[in-house]
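Below, read A as the first sequence line, B as the second, and so on, with proteins coming before strands; counting in each chain starts at 1.
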There are 2 protein chains.
Amino acid sequence: MADSAGALAPQWDNGSSGGSNRAADRAYRFIREGILASRWPPGAHLREQELAELTGVSRTPVREALRRLSADGLLQLVPNLGAKVNAWTIQDLDEIFGLRATLESQVAGLAASRAEPQHLAELGALCDAMEAVVGDGDAVDFSRITPLNDRFHGLLIDIAGDRRLGQMIRQVVEMPLVLRTFARYSRRDLARSMNHHREIVEALTARDGEWASSVMRAHVRAGRAVFTVPKTE
Amino acid sequence: MADSAGALAPQWDNGSSGGSNRAADRAYRFIREGILASRWPPGAHLREQELAELTGVSRTPVREALRRLSADGLLQLVPNLGAKVNAWTIQDLDEIFGLRATLESQVAGLAASRAEPQHLAELGALCDAMEAVVGDGDAVDFSRITPLNDRFHGLLIDIAGDRRLGQMIRQVVEMPLVLRTFARYSRRDLARSMNHHREIVEALTARDGEWASSVMRAHVRAGRAVFTVPKTE
DNA sequence: ACGGGTTGCGTTGTATACAATGACGCATTA
DNA sequence: TAATGCGTCATTGTATACAACGCAACCCGT
């Protein structure tokens, strides 16, 4: 299901993207965080100078950050006009979750033929941990589930061993829309999500790629359903 | 099968990428062209200053161009060290064509349910044109086939109407590796490729998404086969 | 002869200054 | 009053100058 961020922050720190201490990376993370937190709502107009002052750097690294964010699809650059935070339509929703379904099910299928015992063990442990959080208190603590869920999906990508596939999934999953999916889950949705996870692990154990792939596809599309009330998010 | 560039230059001119007359865009196209033409071989080290002089612009737009090319996967940036043109391994080959197979077959499936008569007519005309070129002289004129082939695959993306899917396919298809696939085709390979195209059109006419999707998957994987002799390209 | 430290050079990273472009408001005119 | 042309302003695009970093060669001490 539409988990929060399919990307694992720790592994995210490859050369190409945002981990280092360069000013450009700090600006990148700062602006990105702001957009994801709706500090700048969709449609907002971002001025380079202002961002530079807010981040405490010069315009040059801000420019680089904006270019990267544009490539990520978080905002749009219009020549001589500036950066505009992207808004999301129903079509975007369909496209994003359609891509996720295609790519992540592909990953699940690959992982089925490449998973080793230690991987299965860690996946199982993650399921345990997530179920513990869900069954814990009254209100579900999303801040504790989300990292576990990210790790689950990220581990699947690692097992599949397809770097490009993983990179594309991260591109898709790190959309504000997707990131907020998890928070919309009801207790029932969460329970189903956990079941999906378990079933995927089982399919991997059976080395049944078709099975794993199918469950993953359902898992993602179930997340799409949370947005059936449009809300123009 | 692995056609040359799946991207259609004309439609390429959306805001985000390379079409305008800005210095940064000129630098982008110049460097990109150089890499694709093997003017800078894989592993080559690119210096910003040198590129700036060659392009006739300053370092600032060159920097932007390098960042974009890095996002495209054509080169890799190492902090404080510079840009290095990417080399390709067998794993890259498998990943790239695997992604193409997944994404383009998805497009074909979508297109089957959305194609209109005028689309089918244009696809048919493109098949006619390509077959005319192939059956023409002694040696096949790739410079005439390639644009037609690009248009064929690009039109399928348009018909499918999924912008993100199209964007991702272009990302994958515009790798130097893929761009040179076509030139490796034997006359037999080309004939099979034309048959695939025809069959796809037929499947679209029958509104059979599964059929179209399957043929496209075969079409792409047949292109992968051309590289079975590694050659470390 | 070999190892460690140091210095010098080249390259990228960042900041600032200048030019060009598009948008907005105002005045002018029919 | 509405439409249009012009001027000003804000903002991005580009160029240049300076700082920081990494690498390599060299020198010196052992």
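The distance from atom CD of B:Glu48 to atom P of D:dA15 is 13 Å, rounded to the nearest whole Å. Atom CG in A:Asp25 sits roughly 14 Å away from atom P in D:dC21 (whole-Å rounding). Straight-line distance from the CZ atom of A:Arg67 to the C1' atom of D:dG13: 9 Å, rounded to whole Å. Summarising the geometry, the separation between CG on B:Leu46 and C1' on C:dG10 is reported as 16 Å, rounded to the nearest angstrom. As rounded to whole Å, 12 Å separates atom P of D:dT12 from atom CG of A:Leu75. In this entry the distance linking CD of B:Glu50 with P of C:dT12 reads 10 Å, nearest Å. Atom CZ in A:Arg47 sits roughly 11 Å away from atom P in D:dA10 (whole-Å rounding). Going from atom OH of B:Tyr28 over to atom P of D:dT14 covers 16 Å, rounded to whole Å.
At a threshold of 4.5 Å between non-hydrogen side-chain atoms, the residues A:Leu51 and A:Arg47 do not count as touching. Residues A:Asn86 and A:Met175 fail the side-chain proximity criterion, which asks for heavy atoms closer than 4.5 Å.
Phosphate proximity of C:dG13 to A:Arg63: absent, as no side-chain N or O sits under 4.0 Å from OP1 or OP2. Contact annotation: B:Thr60 side-chain N/O to D:dT14 OP1/OP2 distance is not under 4.0 Å. Distances shown here put every side-chain N or O of A:Ser58 at or beyond 4.0 Å from the OP1 or OP2 atom of C:dT14.
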Worked verdict on A:Arg180 versus A:Ser38 for side chain to side chain donor-acceptor pair (under 3.5 Å): CA-CA 11 Å; A:Arg180 277 189 239 147; A:Ser38 290; 2.9 Å; yes
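Listed nucleotides: D:dG13, C:dT14, D:dT14. Nearest to the side chain of B:Ala23: D:dT14. In the set C:dT12, D:dT14, C:dG22, C:dT12 carries the atom at the smallest distance from any side-chain atom of B:Asn80. Picking from C:dG22, C:dT12, D:dG13 the nucleotide with the shortest atom distance to the side chain of A:Leu81 gives C:dG22. Side-chain proximity of A:His45 to the nucleotides D:dT16, D:dT14, D:dT12 is greatest for D:dT12.
Of all non-hydrogen atoms in A:Ala87 and A:Asp92, the two that sit nearest each other are O-OD2, 3.6 Å.
No contact: A:Leu66 has no heavy atom under 4.0 Å from any strand.
Using the six-membered ring where Trp is involved, A:Phe227 and A:Phe97 have ring planes that are tilted, between 30° and 60° apart.
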